[in-house]
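Chain letters run A, B, ... following the sequence lines, proteins first and then strands; every chain starts at 1.
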Amino acid sequence: MDRGEMLEALYRAVLSREPEEVARAVEEAIGAGLDPLTMIEEGLARGLREVGDLYGRGEAFLADLIMAGEAMKEGLRLLEPLIRRKGGAVRGRVLLGTVEGDHHDIGKNIVVALLRANGFEVIDLGVDVPVEEFVEAVRRFEPDILGLSALMTTTVPLQRRVIERLEELGLRDKVKVLVGGGAVTPEMAREMGADAYGRDALDAVKKAIELIKRR
Amino acid sequence: MISKGSDEGWVPQRIFNIGGVEVGGRIGELPTALIGCIFYDRHRIVKDPKRGVFEREAAERLVQRQAELSEVTGNPHMVDVIASAPEAMRRYIDFVADLTEAPLLIDSSIPEVRIAGLEYAAEVGLLERTVYNSLSYATTEEELSRIREVGLKNAVILAFNPRYLWPRGVVPFLRGEKYGPSPLRRAMELGGLERVLIDVGVLDIPSIGLTMESVERVKRELGLPAGAGPSNAVLDWRQVRRLGPRARAVCLPGSILLTQCAGADFAIYGPMKYAEKVFPAVAMADAILAYRAMRHGVRPRTKRHPLYRLPFH
(Lines give C-alpha, C1' and ligand atoms only; values in the text may rest on other atoms or scores of the structure.)
Protein backbone atom coordinates (compact mmCIF):
# COMPACT_ATOMS: atom_id res chain seq x y z
CA MET A 1 0.00 0.00 0.00
CA ASP A 2 1.27 3.45 -0.80
CA ARG A 3 0.81 6.51 1.41
CA GLY A 4 -2.45 7.55 -0.22
CA GLU A 5 -3.94 4.10 0.16
CA MET A 6 -2.95 3.97 3.80
CA LEU A 7 -4.60 7.30 4.52
CA GLU A 8 -7.65 6.04 2.67
CA ALA A 9 -7.59 2.90 4.84
CA LEU A 10 -7.49 5.03 8.00
CA TYR A 11 -10.41 7.08 6.72
CA ARG A 12 -12.39 3.97 5.82
CA ALA A 13 -11.61 2.37 9.18
CA VAL A 14 -13.23 5.29 11.04
CA LEU A 15 -16.18 5.11 8.65
CA SER A 16 -16.51 1.41 9.53
CA ARG A 17 -17.02 2.53 13.17
CA GLU A 18 -15.00 -0.46 14.38
CA PRO A 19 -12.20 0.36 16.85
CA GLU A 20 -10.36 -2.83 15.88
CA GLU A 21 -10.35 -1.83 12.21
CA VAL A 22 -8.87 1.52 13.15
CA ALA A 23 -6.22 -0.10 15.33
CA ARG A 24 -5.22 -2.38 12.46
CA ALA A 25 -5.00 0.49 9.96
CA VAL A 26 -3.07 2.69 12.39
CA GLU A 27 -0.58 -0.05 13.23
CA GLU A 28 0.03 -0.69 9.57
CA ALA A 29 0.58 3.01 8.89
CA ILE A 30 2.90 3.33 11.88
CA GLY A 31 4.85 0.35 10.55
CA ALA A 32 5.21 2.10 7.21
CA GLY A 33 6.54 5.22 8.91
CA LEU A 34 3.68 7.60 8.14
CA ASP A 35 3.65 10.88 10.06
CA PRO A 36 1.17 10.59 12.96
CA LEU A 37 -0.29 14.07 12.50
CA THR A 38 -0.91 13.40 8.83
CA MET A 39 -2.54 10.12 9.78
CA ILE A 40 -4.88 11.98 12.11
CA GLU A 41 -5.64 14.94 9.86
CA GLU A 42 -5.85 13.27 6.48
CA GLY A 43 -7.05 9.87 7.64
CA LEU A 44 -8.87 9.50 10.94
CA ALA A 45 -10.29 12.99 11.38
CA ARG A 46 -11.45 13.04 7.77
CA GLY A 47 -13.39 9.84 8.50
CA LEU A 48 -14.94 11.28 11.64
CA ARG A 49 -15.83 14.50 9.81
CA GLU A 50 -17.53 12.44 7.14
CA VAL A 51 -19.59 10.61 9.78
CA GLY A 52 -20.38 14.00 11.36
CA ASP A 53 -21.53 15.30 7.96
CA LEU A 54 -23.64 12.20 7.36
CA TYR A 55 -25.15 12.71 10.81
CA GLY A 56 -25.89 16.35 10.00
CA ARG A 57 -27.67 15.25 6.84
CA GLY A 58 -29.63 12.56 8.66
CA GLU A 59 -27.86 9.72 6.86
CA ALA A 60 -25.94 8.45 9.89
CA PHE A 61 -27.29 8.22 13.41
CA LEU A 62 -26.34 8.80 17.00
CA ALA A 63 -24.83 5.34 17.50
CA ASP A 64 -22.75 5.77 14.33
CA LEU A 65 -21.44 9.07 15.61
CA ILE A 66 -20.52 7.70 19.00
CA MET A 67 -18.92 4.57 17.56
CA ALA A 68 -16.95 6.53 14.97
CA GLY A 69 -15.73 8.71 17.87
CA GLU A 70 -14.74 5.61 19.82
CA ALA A 71 -13.00 4.17 16.78
CA MET A 72 -11.09 7.42 16.33
CA LYS A 73 -10.17 7.40 20.02
CA GLU A 74 -8.65 3.95 19.59
CA GLY A 75 -6.44 5.36 16.82
CA LEU A 76 -5.47 8.40 18.89
CA ARG A 77 -4.58 6.16 21.82
CA LEU A 78 -2.01 4.42 19.60
CA LEU A 79 -0.76 7.64 18.03
CA GLU A 80 -0.56 9.97 20.99
CA PRO A 81 2.74 8.55 22.31
CA LEU A 82 4.26 9.22 18.87
CA ILE A 83 3.21 12.82 18.66
CA ARG A 84 5.72 15.25 20.02
CA ARG A 85 3.99 18.21 21.50
CA LYS A 86 4.64 20.94 19.01
CA GLY A 87 1.28 22.59 18.76
CA GLY A 88 0.40 21.43 15.29
CA ALA A 89 -2.64 22.75 13.52
CA VAL A 90 -4.85 22.76 16.59
CA ARG A 91 -7.79 25.14 16.40
CA GLY A 92 -7.98 25.61 20.13
CA ARG A 93 -8.09 23.82 23.44
CA VAL A 94 -11.43 22.90 25.00
CA LEU A 95 -11.84 21.65 28.53
CA LEU A 96 -15.21 20.15 29.25
CA GLY A 97 -17.29 17.93 31.46
CA THR A 98 -20.75 17.26 32.88
CA VAL A 99 -21.36 19.15 36.12
CA GLU A 100 -21.58 17.60 39.56
CA GLY A 101 -24.63 15.46 40.30
CA ASP A 102 -25.17 14.76 36.62
CA HIS A 103 -24.02 11.43 35.22
CA HIS A 104 -25.19 11.91 31.66
CA ASP A 105 -22.40 11.71 29.15
CA ILE A 106 -23.84 10.74 25.79
CA GLY A 107 -24.39 14.31 24.61
CA LYS A 108 -21.09 15.43 26.01
CA ASN A 109 -19.28 12.55 24.27
CA ILE A 110 -20.76 13.56 20.94
CA VAL A 111 -19.55 17.10 21.48
CA VAL A 112 -16.09 15.73 22.32
CA ALA A 113 -16.01 13.62 19.16
CA LEU A 114 -17.19 16.47 16.95
CA LEU A 115 -14.78 18.96 18.49
CA ARG A 116 -11.90 16.58 17.90
CA ALA A 117 -13.05 16.01 14.35
CA ASN A 118 -12.96 19.77 13.86
CA GLY A 119 -9.39 20.17 15.00
CA PHE A 120 -9.85 21.02 18.66
CA GLU A 121 -7.69 19.60 21.36
CA VAL A 122 -10.17 18.32 23.94
CA ILE A 123 -9.60 17.62 27.60
CA ASP A 124 -12.60 15.66 28.83
CA LEU A 125 -13.09 15.70 32.59
CA GLY A 126 -15.94 13.18 32.35
CA VAL A 127 -19.21 13.25 34.30
CA ASP A 128 -20.19 14.36 37.80
CA VAL A 129 -17.33 16.87 37.89
CA PRO A 130 -17.20 19.00 41.07
CA VAL A 131 -17.01 22.79 40.71
CA GLU A 132 -13.52 22.96 42.18
CA GLU A 133 -12.23 20.36 39.74
CA PHE A 134 -13.35 22.51 36.81
CA VAL A 135 -11.71 25.56 38.32
CA GLU A 136 -8.50 23.70 39.08
CA ALA A 137 -8.39 22.28 35.55
CA VAL A 138 -8.90 25.75 34.03
CA ARG A 139 -5.91 26.95 36.00
CA ARG A 140 -3.81 23.92 35.06
CA PHE A 141 -4.66 23.44 31.37
CA GLU A 142 -5.40 27.07 30.41
CA PRO A 143 -8.05 26.13 27.84
CA ASP A 144 -9.47 28.59 25.33
CA ILE A 145 -12.97 27.30 26.02
CA LEU A 146 -14.61 25.67 29.02
CA GLY A 147 -17.63 23.52 28.14
CA LEU A 148 -20.21 22.75 30.86
CA SER A 149 -22.92 20.19 30.22
CA ALA A 150 -26.05 19.60 32.31
CA LEU A 151 -28.97 17.37 31.41
CA MET A 152 -30.94 17.68 34.62
CA THR A 153 -32.60 20.89 35.80
CA THR A 154 -31.29 20.18 39.29
CA THR A 155 -27.69 20.47 38.08
CA VAL A 156 -28.00 23.67 36.05
CA PRO A 157 -27.18 25.78 39.16
CA LEU A 158 -23.82 23.99 39.22
CA GLN A 159 -23.00 25.44 35.80
CA ARG A 160 -23.69 28.88 37.24
CA ARG A 161 -21.58 28.03 40.28
CA VAL A 162 -18.56 27.17 38.12
CA ILE A 163 -18.84 30.54 36.37
CA GLU A 164 -19.13 32.31 39.74
CA ARG A 165 -16.05 30.54 41.06
CA LEU A 166 -14.06 31.54 37.99
CA GLU A 167 -15.08 35.14 38.68
CA GLU A 168 -14.17 34.93 42.35
CA LEU A 169 -10.74 33.61 41.51
CA GLY A 170 -10.08 36.13 38.73
CA LEU A 171 -10.04 33.42 36.03
CA ARG A 172 -13.21 34.39 34.22
CA ASP A 173 -11.47 36.60 31.62
CA LYS A 174 -9.02 33.86 30.74
CA VAL A 175 -11.54 31.44 29.30
CA LYS A 176 -14.71 31.47 27.22
CA VAL A 177 -17.57 29.50 28.73
CA LEU A 178 -19.84 27.41 26.51
CA VAL A 179 -22.86 25.77 28.14
CA GLY A 180 -25.31 23.19 26.86
CA GLY A 181 -27.23 20.04 27.69
CA GLY A 182 -30.88 19.11 27.74
CA ALA A 183 -31.79 21.22 30.76
CA VAL A 184 -30.28 24.49 29.55
CA THR A 185 -32.07 27.16 27.53
CA PRO A 186 -30.51 30.17 25.77
CA GLU A 187 -32.09 32.43 28.39
CA MET A 188 -30.53 30.44 31.23
CA ALA A 189 -27.16 30.57 29.48
CA ARG A 190 -27.35 34.34 29.14
CA GLU A 191 -28.55 34.79 32.67
CA MET A 192 -25.73 32.72 34.20
CA GLY A 193 -23.16 34.72 32.25
CA ALA A 194 -21.99 32.11 29.74
CA ASP A 195 -20.30 33.31 26.54
CA ALA A 196 -22.19 30.92 24.31
CA TYR A 197 -24.95 28.31 24.28
CA GLY A 198 -24.92 25.11 22.27
CA ARG A 199 -28.42 23.94 21.35
CA ASP A 200 -27.11 20.52 20.36
CA ALA A 201 -23.75 18.93 19.60
CA LEU A 202 -23.42 20.38 16.12
CA ASP A 203 -24.39 23.82 17.37
CA ALA A 204 -21.90 23.55 20.25
CA VAL A 205 -19.07 22.96 17.78
CA LYS A 206 -20.23 25.89 15.66
CA LYS A 207 -20.25 28.11 18.73
CA ALA A 208 -16.79 26.88 19.77
CA ILE A 209 -15.41 27.84 16.37
CA GLU A 210 -17.03 31.28 16.65
CA LEU A 211 -15.64 31.79 20.15
CA ILE A 212 -12.12 31.02 18.91
CA LYS A 213 -12.49 33.44 16.01
CA ARG A 214 -13.63 36.17 18.39
CA ARG A 215 -10.59 35.83 20.62
CA MET B 1 -36.67 -17.18 16.75
CA ILE B 2 -40.04 -17.89 18.27
CA SER B 3 -39.29 -21.28 19.77
CA LYS B 4 -35.91 -20.01 20.75
CA GLY B 5 -35.69 -21.99 24.00
CA SER B 6 -35.58 -25.19 22.04
CA ASP B 7 -33.66 -23.77 19.11
CA GLU B 8 -30.18 -24.94 18.42
CA GLY B 9 -27.72 -22.58 20.04
CA TRP B 10 -30.08 -21.05 22.62
CA VAL B 11 -29.15 -21.67 26.23
CA PRO B 12 -31.99 -22.55 28.65
CA GLN B 13 -33.86 -19.42 29.73
CA ARG B 14 -33.74 -18.34 33.37
CA ILE B 15 -36.87 -17.14 35.14
CA PHE B 16 -36.48 -15.05 38.30
CA ASN B 17 -39.12 -14.46 40.92
CA ILE B 18 -38.79 -10.86 41.98
CA GLY B 19 -41.13 -9.96 44.80
CA GLY B 20 -43.78 -12.33 43.46
CA VAL B 21 -43.34 -11.38 39.81
CA GLU B 22 -41.85 -13.96 37.47
CA VAL B 23 -39.63 -12.44 34.79
CA GLY B 24 -37.81 -14.15 31.94
CA GLY B 25 -38.32 -17.30 29.92
CA ARG B 26 -39.02 -17.97 26.29
CA ILE B 27 -41.27 -15.78 24.20
CA GLY B 28 -44.82 -16.77 25.04
CA GLU B 29 -44.13 -18.14 28.50
CA LEU B 30 -44.55 -15.01 30.59
CA PRO B 31 -46.11 -11.61 29.95
CA THR B 32 -43.84 -8.61 29.68
CA ALA B 33 -43.25 -6.93 33.04
CA LEU B 34 -44.02 -3.22 32.74
CA ILE B 35 -42.17 -0.73 34.88
CA GLY B 36 -43.53 2.80 35.20
CA CYS B 37 -41.56 5.69 36.67
CA ILE B 38 -42.72 8.12 39.33
CA PHE B 39 -41.21 11.20 41.03
CA TYR B 40 -38.72 11.64 38.20
CA ASP B 41 -36.85 14.88 37.52
CA ARG B 42 -39.40 17.54 36.54
CA HIS B 43 -42.38 15.33 37.50
CA ARG B 44 -45.11 17.92 38.09
CA ILE B 45 -46.55 16.22 41.15
CA VAL B 46 -43.27 16.73 43.04
CA LYS B 47 -43.32 19.92 45.08
CA ASP B 48 -40.03 19.57 46.95
CA PRO B 49 -37.54 17.09 45.46
CA LYS B 50 -35.18 17.37 48.44
CA ARG B 51 -37.68 16.55 51.16
CA GLY B 52 -39.93 14.45 49.00
CA VAL B 53 -43.09 16.54 49.15
CA PHE B 54 -45.61 15.67 46.45
CA GLU B 55 -49.29 15.69 45.59
CA ARG B 56 -50.44 12.50 47.23
CA GLU B 57 -53.74 12.12 45.43
CA ALA B 58 -52.18 12.53 42.02
CA ALA B 59 -49.45 10.03 42.88
CA GLU B 60 -52.03 7.60 44.22
CA ARG B 61 -54.04 7.81 41.01
CA LEU B 62 -50.95 7.05 38.93
CA VAL B 63 -49.93 3.96 40.88
CA GLN B 64 -53.48 2.68 41.15
CA ARG B 65 -54.12 3.10 37.45
CA GLN B 66 -51.00 1.12 36.63
CA ALA B 67 -52.09 -1.60 39.08
CA GLU B 68 -55.59 -1.73 37.55
CA LEU B 69 -54.22 -2.06 34.03
CA SER B 70 -51.91 -4.81 35.23
CA GLU B 71 -54.92 -6.61 36.68
CA VAL B 72 -56.93 -6.27 33.50
CA THR B 73 -54.18 -7.30 31.09
CA GLY B 74 -52.18 -9.77 33.15
CA ASN B 75 -48.96 -7.88 32.54
CA PRO B 76 -47.16 -7.66 35.88
CA HIS B 77 -46.16 -4.18 36.94
CA MET B 78 -43.36 -2.62 38.96
CA VAL B 79 -42.84 0.93 40.19
CA ASP B 80 -39.60 2.73 39.45
CA VAL B 81 -39.18 5.18 42.31
CA ILE B 82 -36.87 8.02 41.33
CA ALA B 83 -35.42 10.49 43.82
CA SER B 84 -32.58 12.96 44.00
CA ALA B 85 -32.22 13.15 47.79
CA PRO B 86 -32.16 10.50 50.55
CA GLU B 87 -35.05 11.94 52.55
CA ALA B 88 -37.23 12.11 49.45
CA MET B 89 -36.33 8.53 48.53
CA ARG B 90 -37.44 7.26 51.95
CA ARG B 91 -40.74 9.11 51.78
CA TYR B 92 -41.44 7.91 48.27
CA ILE B 93 -40.71 4.30 49.20
CA ASP B 94 -43.05 4.51 52.20
CA PHE B 95 -45.80 5.91 50.06
CA VAL B 96 -45.52 3.48 47.15
CA ALA B 97 -45.02 0.40 49.34
CA ASP B 98 -48.24 1.19 51.21
CA LEU B 99 -50.14 1.56 47.99
CA THR B 100 -49.12 -1.54 46.07
CA GLU B 101 -47.70 -5.03 46.49
CA ALA B 102 -45.70 -4.62 43.28
CA PRO B 103 -41.90 -4.69 43.25
CA LEU B 104 -40.21 -1.32 43.74
CA LEU B 105 -37.20 -0.17 41.82
CA ILE B 106 -34.88 2.18 43.64
CA ASP B 107 -33.65 4.62 41.06
CA SER B 108 -31.45 7.69 41.29
CA SER B 109 -28.53 9.10 39.36
CA ILE B 110 -26.84 9.70 42.73
CA PRO B 111 -25.31 6.59 44.38
CA GLU B 112 -25.85 7.90 47.95
CA VAL B 113 -29.56 8.25 47.25
CA ARG B 114 -29.79 4.71 45.89
CA ILE B 115 -27.98 3.36 48.94
CA ALA B 116 -30.18 5.39 51.31
CA GLY B 117 -33.23 3.91 49.58
CA LEU B 118 -31.84 0.41 49.76
CA GLU B 119 -31.02 0.68 53.47
CA TYR B 120 -34.45 2.08 54.17
CA ALA B 121 -36.13 -0.73 52.20
CA ALA B 122 -34.20 -3.25 54.29
CA GLU B 123 -35.13 -1.48 57.52
CA VAL B 124 -38.85 -1.60 56.77
CA GLY B 125 -38.76 -5.18 55.50
CA LEU B 126 -39.18 -4.59 51.77
CA LEU B 127 -36.01 -6.25 50.47
CA GLU B 128 -37.77 -9.16 48.77
CA ARG B 129 -39.59 -6.82 46.43
CA THR B 130 -36.88 -4.20 46.08
CA VAL B 131 -34.86 -3.96 42.88
CA TYR B 132 -31.73 -1.85 42.62
CA ASN B 133 -31.84 0.35 39.52
CA SER B 134 -29.20 0.22 38.39
CA LEU B 135 -25.68 -1.16 38.39
CA SER B 136 -23.42 -0.29 35.50
CA TYR B 137 -19.80 -0.45 34.42
CA ALA B 138 -19.26 2.71 36.47
CA THR B 139 -20.60 1.36 39.79
CA THR B 140 -17.99 1.59 42.52
CA GLU B 141 -16.82 -1.27 44.72
CA GLU B 142 -18.05 0.67 47.73
CA GLU B 143 -21.60 0.73 46.39
CA LEU B 144 -21.46 -2.99 45.61
CA SER B 145 -20.17 -3.86 49.06
CA ARG B 146 -22.98 -1.84 50.67
CA ILE B 147 -25.48 -3.84 48.65
CA ARG B 148 -23.85 -7.07 49.76
CA GLU B 149 -23.98 -5.97 53.41
CA VAL B 150 -27.68 -5.22 53.15
CA GLY B 151 -28.28 -8.54 51.39
CA LEU B 152 -30.29 -7.38 48.41
CA LYS B 153 -30.57 -9.94 45.60
CA ASN B 154 -32.48 -8.09 42.86
CA ALA B 155 -31.00 -5.54 40.45
CA VAL B 156 -31.22 -4.06 37.01
CA ILE B 157 -27.84 -4.39 35.32
CA LEU B 158 -27.13 -1.80 32.70
CA ALA B 159 -25.36 -3.59 29.86
CA PHE B 160 -24.75 -0.31 28.07
CA ASN B 161 -21.09 -0.09 27.10
CA PRO B 162 -20.10 3.31 25.72
CA ARG B 163 -16.87 1.88 24.33
CA TYR B 164 -18.64 -0.50 21.98
CA LEU B 165 -22.29 -0.02 21.11
CA TRP B 166 -22.73 -2.74 18.53
CA PRO B 167 -24.82 -5.71 19.68
CA ARG B 168 -22.09 -8.27 19.14
CA GLY B 169 -20.16 -6.60 21.97
CA VAL B 170 -22.85 -7.01 24.60
CA VAL B 171 -22.29 -10.64 25.59
CA PRO B 172 -18.46 -10.42 25.72
CA PHE B 173 -18.92 -7.25 27.81
CA LEU B 174 -21.29 -8.98 30.26
CA ARG B 175 -19.01 -12.00 30.44
CA GLY B 176 -16.06 -9.73 31.22
CA GLU B 177 -14.12 -10.91 28.19
CA LYS B 178 -13.75 -7.48 26.63
CA TYR B 179 -14.19 -3.72 27.15
CA GLY B 180 -13.24 -3.61 30.82
CA PRO B 181 -14.84 -5.03 33.97
CA SER B 182 -18.22 -6.67 33.49
CA PRO B 183 -21.07 -4.95 35.34
CA LEU B 184 -22.82 -8.33 35.60
CA ARG B 185 -19.92 -10.25 37.09
CA ARG B 186 -19.10 -7.45 39.49
CA ALA B 187 -22.75 -7.27 40.60
CA MET B 188 -22.79 -11.00 41.31
CA GLU B 189 -19.30 -11.43 42.69
CA LEU B 190 -18.91 -8.18 44.65
CA GLY B 191 -22.52 -7.22 45.28
CA GLY B 192 -23.97 -10.68 45.92
CA LEU B 193 -26.84 -10.06 43.50
CA GLU B 194 -28.63 -13.09 42.14
CA ARG B 195 -31.78 -12.09 40.32
CA VAL B 196 -30.77 -9.72 37.59
CA LEU B 197 -32.63 -7.92 34.83
CA ILE B 198 -30.35 -6.97 31.97
CA ASP B 199 -31.15 -3.52 30.58
CA VAL B 200 -29.36 -3.34 27.24
CA GLY B 201 -29.93 0.40 26.84
CA VAL B 202 -31.31 2.69 24.17
CA LEU B 203 -29.77 5.81 22.64
CA ASP B 204 -32.33 7.15 20.22
CA ILE B 205 -35.00 5.86 17.87
CA PRO B 206 -32.82 4.14 15.25
CA SER B 207 -30.74 2.55 18.00
CA ILE B 208 -33.77 0.54 19.13
CA GLY B 209 -32.63 -1.75 16.30
CA LEU B 210 -29.45 -2.33 18.28
CA THR B 211 -31.52 -2.80 21.43
CA MET B 212 -33.56 -5.54 19.75
CA GLU B 213 -30.49 -7.43 18.64
CA SER B 214 -28.80 -7.00 22.01
CA VAL B 215 -31.86 -8.36 23.84
CA GLU B 216 -31.84 -11.36 21.56
CA ARG B 217 -28.14 -12.00 22.07
CA VAL B 218 -28.35 -11.72 25.87
CA LYS B 219 -31.22 -14.20 25.92
CA ARG B 220 -29.74 -16.59 23.37
CA GLU B 221 -26.26 -16.71 24.86
CA LEU B 222 -26.78 -15.97 28.57
CA GLY B 223 -30.42 -16.96 29.10
CA LEU B 224 -31.01 -14.00 31.42
CA PRO B 225 -34.10 -11.78 31.53
CA ALA B 226 -33.44 -8.81 29.25
CA GLY B 227 -35.21 -5.62 28.30
CA ALA B 228 -34.82 -1.87 28.00
CA GLY B 229 -36.65 1.44 28.08
CA PRO B 230 -37.20 2.08 24.38
CA SER B 231 -40.11 4.46 24.92
CA ASN B 232 -37.69 6.95 26.48
CA ALA B 233 -36.24 7.43 23.02
CA VAL B 234 -39.74 8.30 21.80
CA LEU B 235 -40.15 10.81 24.65
CA ASP B 236 -36.83 12.41 23.68
CA TRP B 237 -37.86 12.52 20.04
CA ARG B 238 -38.95 16.14 19.75
CA GLN B 239 -39.74 16.08 16.05
CA VAL B 240 -42.27 13.28 16.44
CA ARG B 241 -44.89 16.03 16.69
CA ARG B 242 -44.37 16.76 13.01
CA LEU B 243 -45.96 13.39 12.29
CA GLY B 244 -49.24 14.51 13.79
CA PRO B 245 -50.79 15.27 17.16
CA ARG B 246 -51.18 11.59 18.10
CA ALA B 247 -47.89 10.36 16.73
CA ARG B 248 -46.12 10.26 20.05
CA ALA B 249 -48.89 8.31 21.75
CA VAL B 250 -48.73 5.66 19.04
CA CYS B 251 -44.97 5.45 18.78
CA LEU B 252 -44.58 5.15 22.55
CA PRO B 253 -45.90 1.57 22.86
CA GLY B 254 -44.74 0.82 19.31
CA SER B 255 -41.13 1.07 20.39
CA ILE B 256 -41.75 -1.47 23.17
CA LEU B 257 -43.54 -3.93 20.89
CA LEU B 258 -40.42 -4.23 18.76
CA THR B 259 -38.32 -5.22 21.75
CA GLN B 260 -41.02 -7.74 22.74
CA CYS B 261 -40.65 -9.32 19.30
CA ALA B 262 -36.94 -9.63 20.01
CA GLY B 263 -37.72 -11.43 23.28
CA ALA B 264 -37.68 -8.65 25.87
CA ASP B 265 -38.99 -9.76 29.26
CA PHE B 266 -39.52 -6.29 30.70
CA ALA B 267 -39.81 -2.68 29.64
CA ILE B 268 -39.17 0.44 31.64
CA TYR B 269 -41.82 2.43 29.87
CA GLY B 270 -41.18 5.89 31.31
CA PRO B 271 -43.52 8.21 33.23
CA MET B 272 -46.39 6.28 34.75
CA LYS B 273 -48.92 8.64 33.24
CA TYR B 274 -48.36 6.73 29.99
CA ALA B 275 -49.66 3.45 31.47
CA GLU B 276 -52.91 3.71 29.52
CA LYS B 277 -51.01 4.07 26.26
CA VAL B 278 -48.56 1.26 27.00
CA PHE B 279 -50.40 -1.59 28.75
CA PRO B 280 -53.05 -2.32 26.08
CA ALA B 281 -50.58 -2.47 23.20
CA VAL B 282 -47.97 -4.48 25.10
CA ALA B 283 -50.63 -6.91 26.34
CA MET B 284 -52.00 -7.34 22.85
CA ALA B 285 -48.52 -8.08 21.50
CA ASP B 286 -47.87 -10.56 24.33
CA ALA B 287 -51.08 -12.38 23.45
CA ILE B 288 -50.14 -12.50 19.77
CA LEU B 289 -46.61 -13.69 20.46
CA ALA B 290 -47.84 -16.29 22.95
CA TYR B 291 -50.34 -17.70 20.49
CA ARG B 292 -47.64 -17.91 17.87
CA ALA B 293 -45.30 -19.63 20.36
CA MET B 294 -48.03 -22.18 21.17
CA ARG B 295 -47.84 -23.41 17.57
CA HIS B 296 -44.23 -24.25 18.37
CA GLY B 297 -44.89 -26.05 21.63
CA VAL B 298 -44.30 -23.19 24.10
CA ARG B 299 -47.25 -22.47 26.39
CA PRO B 300 -47.88 -19.60 28.81
CA ARG B 301 -46.73 -20.62 32.29
CA THR B 302 -49.63 -18.82 33.88
CA LYS B 303 -53.30 -18.14 33.33
CA ARG B 304 -52.52 -14.58 34.31
CA HIS B 305 -51.42 -13.88 30.76
CA PRO B 306 -52.88 -11.41 28.24
CA LEU B 307 -53.69 -14.32 25.94
CA TYR B 308 -56.25 -15.49 28.53
CA ARG B 309 -57.05 -12.14 30.11
CA LEU B 310 -57.90 -9.97 27.15
CA PRO B 311 -61.44 -10.19 25.77
CA PHE B 312 -61.00 -11.01 22.09
CA HIS B 313 -64.58 -11.73 21.06
Side-chain angles (χ1 to χ4, degrees), chain A residues 16-23 51 54-55 58-77 98-110 112-113 124 126-130 149-158 181-185 199-201, chain B residues 39-44 46 48-50 82-85 88 107-114 134-140 143 158 160-170 172-173 178-180 200-214 232-233 235-239:
Chain A
S16 82
R17 298 148 295 153
E18 287 288 351
E20 286 174 10
E21 290 277 315
V22 171
V51 178
L54 289 167
Y55 179 75
E59 292 171 33
F61 306 93
L62 192 50
D64 301 306
L65 199 55
I66 295 174
M67 281 312 294
E70 285 298 318
M72 167 108 177
K73 240 198 250 174
E74 183 66 20
L76 294 179
R77 195 180 59 78
T98 305
V99 296
E100 189 167 7
D102 208 323
H103 293 254
H104 295 90
D105 67 353
I106 291 169
K108 172 191 65 69
N109 289 347
I110 299 165
V112 170
D124 181 2
V127 296
D128 192 19
V129 181
S149 171
L151 197 86
M152 293 152 64
T153 42
T154 48
T155 57
V156 173
L158 273 304
V184 191
T185 63
R199 193 184 60 249
D200 53 30
Chain B
F39 308 128
Y40 42 87
D41 186 34
R42 285 177 261 185
H43 193 175
R44 282 201 197 121
V46 175
D48 180 346
K50 285 261 175 286
I82 304 178
S84 57
D107 189 353
S108 174
S109 60
I110 305 161
E112 290 72 32
V113 179
R114 293 195 292 263
S134 62
L135 298 167
S136 76
Y137 71 96
T139 306
T140 62
E143 190 171 358
L158 207 56
F160 184 71
N161 167 18
R163 285 172 60 192
Y164 196 81
L165 299 178
W166 305 143
R168 71 185 170 93
V170 69
F173 177 56
K178 257 178 146 180
Y179 318 112
V200 299
V202 173
L203 280 175
D204 64 351
I205 297 291
S207 82
I208 295 171
L210 308 180
T211 305
M212 290 173 71
E213 192 182 331
S214 296
N232 271 329
L235 297 174
D236 288 341
W237 183 15
R238 293 184 199 173
Q239 308 270 29

Checklist line | Part of B:Ile205 lying under 4.5 Å from any heavy atom of chain A | finding: neither
Margin query: Under a 3.5 Å distance rule, please check whether A:Asp128 uses its side chain to pair with a backbone N or O of A:Glu100 as donor and acceptor.
Written below: no
Item checked: By ring pair (Phe, Tyr, Trp, His ring centres under 6.0 Å) - contacts of B:Tyr179 (at least two apart) -> B:Tyr164
Check: Where do A:Phe61 and A:Leu54 land on the side-chain contact (heavy atoms from CB on, under 4.5 Å) test, with the steps shown first?
Finding: CA-CA 8 Å; A:Phe61 306 93; A:Leu54 289 167; over 6 Å; no
Margin query: Can you tell me which portion of A:Asp64 sits under 4.5 Å from chain B's heavy atoms? Options are side chain, backbone, both or neither.
Written below: both
Next item on the list: Using a cut-off of under 4.5 Å on heavy-atom pairs, state which of A:Arg17, A:Glu18, A:Met67 scores highest against chain B.
Entry: A:Met67
Item checked: Worked check of side-chain contact (heavy atoms from CB on, under 4.5 Å) between B:Leu203 and B:Phe160 -> CA-CA 10 Å; B:Leu203 280 175; B:Phe160 184 71; 4.0 Å; yes
Check: Among B:Leu210, B:Asp236, B:Leu165, which residue forms the greatest number of heavy-atom pairs with chain A at distances under 4.5 Å?
Finding: B:Leu165
Next item on the list: Please check if the side chain of B:Ser108 supplies one atom and the backbone of B:Ala83 the other of a donor-acceptor pair under 3.5 Å.
Entry: yes
Checklist line | Part of A:Glu20 within contact of chain B (heavy atom distance under 4.5 Å) | finding: side chain
